[in-house]
Amino acid sequence: MRVRAPGRVNLIGEHTDYNDGFVLPVAIDREIHLHAQPRPDHLCLLYSETLDEQIELPLDTLLETPPDALPEGWTRYVAGVAVMLMRHTGRMLTGVEGVVSSTLPTGAGLSSSAALEAVFATLWNTLDHLQLDGWTLARLCQQAEHEYAGVHCGIMDQAASLLTQQGNALFIDTRTLQTRHVPLPPQWLVVVADTGKPRTLSGSEYNQRRQECQQAVEAFRLALGEGIGALRDVSPDVAMLYLPLLPEPSRRRARHVMSENARVLAFLDALAHADAQRVRQLMLASHASLRDDYEVSCPELDAMVSACLDAPGCIGVRLTGAGFGGACVALVERAQVEPFLKAADTTYRAQSHYTPQFFICESVAGATASHFTASPHG
Ligand code: GLA
């Protein structure tokens, strides 16, 4: 069986998905691939070409093995997905032998972990005829990330890797899980501009931001009553009155989340009209809010934003993903992409010790599996 799952880049709606808010990711043509065949037992023998590393995972003892007894790294993601599928279905999964390869850089904030989870969820869903729908798989992958990687992420990355359609971004209301496939203007290209700065501390800082948002929710609940379950429940007018009363840093965290949700909705409209000026304004406002209110930017991300902004053909640019290093996303006029890349690369290199990388991305469909008859090494 061949399975593929894409990474994602988020156009706008950052740190909103664990606040019942809106997001707009695109699955990109940087993917994780798995060639695997079933084994007659419950053992997984997996080789990563990217890491040149072999792992062995016995599925029949996994349910009793605590996550921290497993080796750190990609083993935990595979194990986490297997455990969530077995818990959910009450079934033992088939062992596999396979090779994992990737065109998706790790540590750039392009959701390589979610893509890895999506690959294995799709593998067993197909191989063992589990018949779970995309949302169920996304939720189980998210749970695996919580319990086996210790990152209390939202649902965006897993949903993007599993549920997207080619040529479209995926608008998700993370409260209702309603989605809309949003076409991208054909004259614009999505460019990922990786700063080369690895995302340090992202797990612990991420969990801390999540807690600070929760503290804001509790403060609003004290003031406004039990009806407040998430920042989404506070209307903009009421927020204007009560935000100044919140303690720091919750006040600024909440202000980011609320303003970002409004920006996502405005962005949808701007995208539908290919309104470059509005798109630019919204992406820059998002970046500023992530930098100043949410405090997840860093000098390299800020330098990359200004390098891209000064380059020809740049419609808009902002940091993407969790932040603390990693990549920016830029929308660029297709006809000007070559001069854009050259100028952004030169400007950024002049300002940073890190080596940037630029990826022109096509938007692709979510994870798929297909059968094949050759050996996994063939
Ligand atoms: C990470 C998480 C997502 C989301 C983003 C920030 O990628 O996995 O759930 O919270 O950060 O928008």
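Residue indices begin at 1 and follow the sequence shown. Ligands are counted one by one from 1 in listed order, and the atoms in each one are counted from 1 as well.
Looking at S286 and R263, their side chains never bring a donor and an acceptor atom within 3.5 Å of each other. Side-chain contact check for R280 and Q277: no donor-acceptor pair (N or O, by modelled atom type) lies under 3.5 Å. S297 and D302 form a side-chain donor-acceptor contact under 3.5 Å, judged by distance and modelled atom types alone.
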Could you list each N/O atom of ligand 1 together with any protein N/O atom closer than 3.5 Å, one pair per line with the distance?
unit_1: ligand 1; atom_1: 7 (O); unit_2: R8; atom_2: NH2; d: 3.0
unit_1: ligand 1; atom_1: 7 (O); unit_2: D157; atom_2: OD2; d: 2.8
unit_1: ligand 1; atom_1: 8 (O); unit_2: D157; atom_2: OD2; d: 2.6
unit_1: ligand 1; atom_1: 9 (O); unit_2: D17; atom_2: OD1; d: 3.4
unit_1: ligand 1; atom_1: 9 (O); unit_2: D17; atom_2: OD2; d: 2.6
unit_1: ligand 1; atom_1: 9 (O); unit_2: G154; atom_2: N; d: 2.9
unit_1: ligand 1; atom_1: 9 (O); unit_2: Y206; atom_2: OH; d: 3.4
unit_1: ligand 1; atom_1: 10 (O); unit_2: D17; atom_2: OD1; d: 2.7
unit_1: ligand 1; atom_1: 10 (O); unit_2: Y206; atom_2: OH; d: 2.6
unit_1: ligand 1; atom_1: 12 (O); unit_2: E14; atom_2: OE2; d: 2.7
unit_1: ligand 1; atom_1: 12 (O); unit_2: H15; atom_2: N; d: 2.7

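Sorted by first and then second residue, the pairs that involve residues 171-184 and meet salt bridge (charged side-chain N to carboxylate O under 4.0 Å, His left out), not counting sequence neighbours, are D20-R175, D173-R232, R175-D233.
Legend: residues meeting ring-ring contact (aromatic ring centres under 6.0 Å, His included) with H15, ordered by chain and number and at least two apart, are Y18, Y206, Y294. With sequence neighbours left out, the side chain to side chain contact (heavy atoms under 4.5 Å, CB included) criterion links N261 to T16, F22, V257.
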